[in-house]
Amino acid sequence: MLKKEILRKKSDFDAIYRAGRSVPDKYVVLFLRKNDLPYSRTAFLASKKVGNSVQRNRAKRLMRESYRLNEDKFSAGYDIIFIARNTINGRKLKDVEKSMMNAAARGKVTGR
RNA sequence: UGGGUAAGACAGACAAUCGCGCGCCGCGCAUGCGGUGUGAGGAAAGUCCGGGCUCCGCAGGGCGAGGAUGCCGGAUAACGUCCGGCGUAGGUAACUAUAGGGAAAGUGCAACAGAAACAUACCGCCGCUUCAAGCGGUAAGGGUGAAAUCGUGAGGUAAGAGCUCACGGGGGCCCAUGGUAACAUGGGUCUCGUGUAAACCCCAUCCGGAGCAAGACCAAAUGGGCGUACGGCGCAUGCCGGGCAGUUGCCCGCUGCCGCCCGGAGGUAGGUCGCUGGAGCAUGCCGGCAACGGUAUGUCGAGAUAGAUGAUUGUCAGAUACAGAACCCGGCUUACGUCUUGCCCGGGUC
RNA sequence: GCCGGCGUGGCGGAAUAGGCAGACGCCCGGGACUUAAAAUCCCGUGGGUAGUAAUACCCGUACCGGUUCGACCCCGGUCGCCGGUA
């Protein structure tokens with residue numbers, strides 16, 4: 001994942017939360033918005049509700065890995081925020097991956 | 001074999017495939033690509049103490065305020081930490097805990113109860129005047145309280161009282177012995193009424209403040225400010241003049257602009273440094289009961305910036321709790337899985 | 001990451017140089033008034049045990065210890081919540 005593909009500006013986050021759509025699922029919630037760029041940008045978040053720093057780190061890693069394994073299935077040109085829910089604790093990669101793809105399909109960002 | 005107690009170790013390993021941060025090498029204008037090396041903890045946590053480092057303040061020194069610490073000796077860069085002792089408390093024991101200076105320097109407080117809480121006489125007892133009652137003596141007995149004039153026995157007395165004596169207990173002072181010391185043991189002598197300083201306070205020692213979001217450097221776009229280049233009138237939209245450009249070359253007229261550009265400053269977004277080689281780690285030897293110190297040899301073990309260690313499968317008998325570096329060290333405290341060893345108490349067997 | 005503050009019944013909030021915890025207001029429950037309700041007035045209101053009851057005892061100030069005769073208060077530690085800081 002290249003550096004330019006990581007969301008980091010507060011203005012970008014605000015734009016996505018304000019103008020984007022949200023798609024909840026069992027373990028993750030997606031916020032997404034078209035960005036008019038030839039590539040997609042992503043961010044992986046886990047709030048303090050998820051748990052301590054070890055649990056938050058693991059949640060983000062599982063989401064990042066799920067996205068990496070399925071990156072080719074996503075359409076380009078979207079800003080996507082992946083947010084972990086506290087139900088993610090103790091889950092395996094396969095569960096998270098399934099939940100993410102489920103949400104992505106309902107958000108209509110897969111295809112191609 | 002059951003229970004207890006103390007000390008210590010580890011924190012899954014290996015293989016395969018996919019993937020991540022950083023360093024180095026090669027290729028490439030570059031985004032990058034390939035190779036190779038390396039990559040979280042014993043608590044990384046809480047932020048409770050102590051230092052380094054940085055900025056601010058400060059001539060040097062002293063006094064004061066405020067805060068911290070508080071048996072003795074040692075260790076250390078320093079500490080409220082650690083080690084070895086002493087006293088006290090708990091435990092059958094191994095062992096553990098300990099903010100443990102000063103209450104005859106002063107002040108405050110001690111609710112309720114009780115006569116009285118720092119000086120005191122309610123009941124009682126004794127004596128006298130005397131019917132009750134009053135006056136005086138008394139601290140043995142009763143009663144209150146967390147706390148009330150040392151305990152037991154004898155003498156003594158009107159009744160009593162350390163008033164006197166014996167034994168015991170506490171405290172002050174002096175002496176001797178052991179110990180660097182705290183202190184311990186023994187003797188002599190004096191005297192027998194509080195508690196609280198994690199209440200104010202006194203004494204001794206220590207402390208300037210803020211923190212890596214400290215701080216240093218580079219620095220875009222847009223807007224604004226300054227300098228240079230444009231004058232006058234008007235509060236101002238504006239008006240007059242001047243300059244430049246366009247309108248075919250020139251003049252008038254008309255239109256547009258009053259700058260573009262340049263210089264330097266500030267410093268936002270962003271970036272670079274600070275950023276990891278240090279009171280470092282490992283092993284051996286020497287000194288010390290120990291904490292620790294000295295010395296020799298070897299060695300370099302994260303440095304991210306939305307934040308890098310993950311996923312899947314297999315094997316090992318089985319398998320992981322608490323938990324993720326964010327400037328760096330020394331401690332303390334708290335959370336927590338497994339294993340080893342010493343010691344203590346009890347039970348069984350020989 | 002760093003720096004501060006707070007924690008008391010169901011709720012908001014008192015109690016403070018240590019001495020009867022829960023004042024006061026709201027909510028809630030019961031009663032009066034009313035045809036019924038609202039408003040108003042009166043009473044009750046932390047938990048447990050024993051008791052027919054009056055009442056008695058024990059535990060309760062986020063949690064765990066310490067100092068003290070005695071702790072919401074003083075001291076140490078833990079947990080949770082809130083705020084500030086680029």
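- Here, B/G153 and B/U177 have their C1' atoms 36 Å apart, quoted to the whole Å.
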For this session: Please report the C-alpha distance between A/Arg41 and A/Asp79 in whole Å, then the side-chain angles of each, then the deciding distance to 0.1 Å, and finally whether the salt bridge (Lys or Arg N to Asp or Glu O under 4.0 Å) criterion is met.
Result: CA-CA 5 Å; A/Arg41 296 185 299 177; A/Asp79 285 345; 3.0 Å; yes
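- The CD-C1' distance, from A/Glu5 to B/G307, rounds to 17 Å in whole Å.
- With rounding to whole Å, A/Leu93 atom CG is found 11 Å from B/C18 atom C1'.
- Here the separation of B/A317 from B/A326, taken at their P atoms, is 40 Å to the nearest Å.
- Nucleotide C/G9 carries a syn base; the chi torsion (O4'-C1'-N9-C4 or O4'-C1'-N1-C2) is within 90° of 0.
- Comparing the same atom, C1', in B/U36 and in B/C14 gives a spacing of 22 Å after rounding to whole Å.
- Candidate nucleotides B/A323, B/A311, B/C18 were compared by shortest atom distance to the side chain of A/Arg68, and B/C18 ranks first.
- Residue-level contact check: A/Leu7 touches the backbone only, with heavy atoms under 4.0 Å from sugar-phosphate atoms and none from bases.
- When Watson-Crick and G-U wobble pairs are counted only if both distances are under 3.5 Å, B/A77 pairs with no nucleotide at all.
- Distance check on atom P: C/U85 versus C/C64 gives 37 Å, rounded to whole Å.
- Mapped onto RNA chain B by nearest heavy atom, A/Ala43 and A/Asn52 fall at different nucleotides, with A/Ala43 at the one closer to the 5' end.
- One atom, CG of A/Leu62, and another, C1' of B/C18, lie 15 Å apart when rounded to the nearest Å.
- For A/Arg61, a side-chain nitrogen or oxygen approaches OP1 or OP2 of B/U309 to under 4.0 Å.
- Ring pair A/Phe82/A/Phe74 is perpendicular by interplanar angle, where above 60° counts as perpendicular and below 30° as parallel.
- For B/G162, the base adopts the syn conformation, since its glycosidic angle falls within 90 degrees of zero.
- In this structure, the CD atom of A/Glu97 is 11 Å from the C1' atom of B/U312, given to the nearest Å.
- Applying the 3.5 Å distance criterion, the base of B/G310 shares a donor-acceptor pair with the side chain of A/Glu65.
- Of the possible donor and acceptor atoms, none in the side chain of A/Arg61 sits under 3.5 Å from a partner among the backbone N and O of A/Arg56.
- Within the structure, a side-chain polar atom (N or O) of A/Arg64 is placed less than 4.0 Å from OP1 or OP2 of B/A308.
- What separates CZ of A/Arg56 from P of B/G307 is a distance of 14 Å, to the nearest Å.
- Atom name C1', nucleotides B/G277 and B/C328: the rounded distance is 12 Å, in whole Å.
- Mapping A/Leu45 and A/Lys92 onto RNA chain B by nearest heavy atom places A/Leu45 closer to the 5' end of the strand.
- B/G162: no Watson-Crick or G-U partner with both key distances under 3.5 Å is found in any strand.
- Atom pair A/Glu71:CD and B/C18:C1' shows a separation of 14 Å (rounding to whole Å applied).
- Checking side-chain atoms of A/Thr87 against main-chain N and O of A/Lys26 turns up a donor-acceptor pair under 3.5 Å.
- Base-pair partner of B/G195: B/C109 (Watson-Crick or G-U wobble, both distances under 3.5 Å).
- With a glycosidic angle no more than 90° from 0, B/A40 adopts the syn conformation.
- If you take atom P in B/G70 and the same atom in B/C49, they sit 14 Å apart, rounded to whole Å.
- In this structure, A/Asn57 reaches the bases: a heavy-atom distance under 4.0 Å links it to at least one base atom across the strands shown.
- Taking the O4'-C1'-N9-C4 or O4'-C1'-N1-C2 dihedral as appropriate, B/G278 has a value more than 90° from 0 and is therefore anti.
- Atom C1' of nucleotide B/U305 and atom NZ of A/Lys60 are separated by 12 Å, given to the nearest angstrom.
- For the C1' atoms, the distance linking C/A54 with C/G19 amounts to 29 Å, nearest Å.
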Problem set entry | Verdict with supporting geometry, A/Glu65 and A/Arg68, salt bridge (Lys or Arg N to Asp or Glu O under 4.0 Å) | CA-CA 5 Å; A/Glu65 180 74 1; A/Arg68 187 182 68 82; 2.9 Å; yes
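- Distance check on atom P: B/U222 versus B/C260 gives 12 Å, rounded to whole Å.
- A donor-acceptor contact shorter than 3.5 Å is absent between the side chain of A/Thr42 and the backbone of A/Ile6.
- Base orientation for B/G42: syn, the chi torsion being within 90° of 0.
- Looking at A/Asp95, its side chain does come within 3.5 Å of a backbone N or O of A/Lys92 through a donor-acceptor pair.
- Between A/Ile6 atom CD1 and B/A304 atom P there is a gap of 15 Å when expressed in whole angstrom units.
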